[in-house]
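Along the sequence shown, residues are numbered consecutively beginning with 1. Worth knowing before you read on, the calculation uses all heavy atoms, side chains too, and leaves out hydrogens, waters and symmetry mates.
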Amino acid sequence: MGSGTSPKGSPGGGDATPDNEKKGKAKPEGPLLEDVQTCCGCRFPLLVALFQLLLGIAVAGVAFLMVAISPSLLARETPHWAGIIMCVVSLLGFILFCITRVPDERASVQFIIKLLYFFLCTMGLVISVLVIAFQCYHYALTTSYSCKEMKEDCMCTLDPEDPIARTFAYRGVTDCSAIISTLPMYYLLQMLLNLAQAIVCLLGAFLIWKHRYQVFFAGLQMGSPSAQNWQKV
């Protein structure tokens with residue numbers, strides 16, 4: 001009579017429960033990995049770091065072109081240092097992107113790199129604003145120049161009729177049109193590049209802050225205690 005039914009404690013009935021538990025454990029892993037690889041709908045910080053690298057190279061390249069006009073230009077007039085710093089910030093962003101994403105409570109290295117990237121983005125924003133201020137000042141200055149060639153130098157003044165007016169000497173410049181027309185164009189280009197650089201740094205710092213404080217990981221466990229399925233709340 002009882003041959004057609006199997007008891008609840010038989011091996012056939014007991015095998016179904018572990019399989020169901022394994023399937024239940026394996027399901028949350030896919031969405032968890034997919035969720036941690038994206039942030040705010042984009043591959044963060046890959047796009048931000050890529051823009052920072054391109055803008056840093058552009059700023060440094062334009063600055064070296066400005067140095068080629070005259071070696072007497074000051075460091076604040078040729079902000080190659082701002083471009084180099086931005087390239088370093090972008091490299092840290094690429095390192096952050098390559099790190100395996102896990103909840104912050106279990107990854108001190110990731111937290112430290114995120115913190116450094118946040119501070120460097122903030123520093124890059126401040127540096128870009130300073131560069132814009134310097135470039136605006138020198139742009140307004142060079143557009144008011146009155147220049148003339150003296151041997152292999154270009155001597156410029158703000159008021160040629162004033163005998164005691166301040167004189168700006170640009171060594172190694174045989175054609176003053178490079179100071180009057182080409183150099184202001186480079187100043188204007190630096191202002192635009194550093195403005196874009198400041199916006200990208202602000203975006204990077206904001207996304208780090210939003211990911212850390214507005215959307216954070218909580219240690220909630222679903223299912224078995226051995227399977228730590230973390231959720232974002």
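Residues Ile179 and Met185 share a hydrophobic cluster, clusters being chains of Ile/Leu/Val/Met/Phe/Trp/Tyr side chains in contact below 4.5 Å. Under a hydrophobic clustering in which Ile, Leu, Val, Met, Phe, Trp and Tyr are joined whenever their side-chain heavy atoms come within less than 4.5 Å, directly or via other members, Phe51 and Val88 fall into different clusters. Hydrophobic clustering of Ile, Leu, Val, Met, Phe, Trp and Tyr side chains at less than 4.5 Å, counting indirect connections, unites Phe97 with Leu53. Note on Ile57: it does not cluster hydrophobically with Leu192, by side-chain heavy-atom contacts below 4.5 Å among ILVMFWY residues. No single ILVMFWY cluster, assembled from side-chain heavy atoms under 4.5 Å apart, contains both Met86 and Ile84.
With sequence neighbours left out, the side-chain contact (heavy atoms from CB on, under 4.5 Å) criterion links Ile113 to Leu92, Ile95, Leu96, Ile99, Val109. Scanning for side-chain contact (heavy atoms from CB on, under 4.5 Å) contacts around Ala58 gives Leu193, with sequence neighbours left out. For Ile199, the side-chain contact (heavy atoms from CB on, under 4.5 Å) criterion is met by Leu195, not counting sequence neighbours. Partners of Gln190 under the side chain to side chain donor-acceptor pair (under 3.5 Å) rule, at least two apart in sequence or in another chain, are Asn194. Judged as a disulfide bond (SG atoms under 2.5 Å apart), and not counting sequence neighbours, Cys201 has no contacts. Leu188 is linked by a side-chain contact (heavy atoms from CB on, under 4.5 Å) to Tyr139, Met191, counting only residues two or more places apart in sequence or in another chain.
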Could you tabulate the donor-acceptor pairs under 3.5 Å formed by side-chain atoms of residues 119-132, not counting sequence neighbours?
from: Thr122; atom 1: OG1; to: Phe118; atom 2: O; distance (Å): 2.9
from: Ser128; atom 1: OG; to: Gly124; atom 2: O; distance (Å): 2.8
from: Ser128; atom 1: OG; to: Gln197; atom 2: NE2; distance (Å): 3.1

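The shortest non-hydrogen separation linking Met66 to Glu77 is CE-O, 2.9 Å. Residues Ile69 and Val173 share a closest heavy-atom pair of O-CG2, 3.4 Å. Heavy-atom minimum distance, Val59 versus Gly83: CG1-N, 3.8 Å.
Taking a 4.5 Å side-chain heavy-atom cut-off between Ile, Leu, Val, Met, Phe, Trp and Tyr, the cluster of Met155 extends to Met150.
Between the CG atom of Leu50 and the CG atom of Leu54 there is a distance of 4.5 Å, given to the nearest 0.5 Å. Atom CG in Leu73 sits 9.0 Å away from atom NE2 in His138 (nearest 0.5 Å). To the nearest 0.5 Å, the span separating CG on Leu65 from OG1 on Thr78 amounts to 11.0 Å. Between Leu158 atom CG and Cys156 atom SG the span is 9.0 Å, to the nearest 0.5 Å.
Residue pairs satisfying the side chain to side chain donor-acceptor pair (under 3.5 Å) criterion with at least one member in residues 141-159, sequence neighbours excluded, are listed as follows: Tyr145-Tyr170. Residue pairs meeting the ring pair (Phe, Tyr, Trp, His ring centres under 6.0 Å) criterion with at least one member in residues 58-80, sequence neighbours excluded: Phe64-His80. Within the structure, every pair that satisfies the side chain to side chain donor-acceptor pair (under 3.5 Å) test and touches residues 45-63, not counting sequence neighbours, is listed here: Gln52-Tyr117. Sorted by first and then second residue, the side chain to side chain donor-acceptor pair (under 3.5 Å) pairs with a member in residues 85-96 form an empty list; sequence neighbours excluded.
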**OP:** Evaluate the criterion side-chain contact (heavy atoms from CB on, under 4.5 Å) for residue pair Leu74 and Phe134; output intermediate values, then yes/no.
**Re:** CA-CA 11 Å; Leu74 301 175; Phe134 285 136; over 6 Å; no
Original post:
Going through the distances and angles, do Leu141 and Phe168 end up as a side-chain contact (heavy atoms from CB on, under 4.5 Å)?
Top reply: CA-CA 10 Å; Leu141 198 64; Phe168 301 89; 4.0 Å; yes
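For a disulfide, the SG atoms of both cysteines must be under 2.5 angstrom apart; this holds for Cys154 and Cys176.
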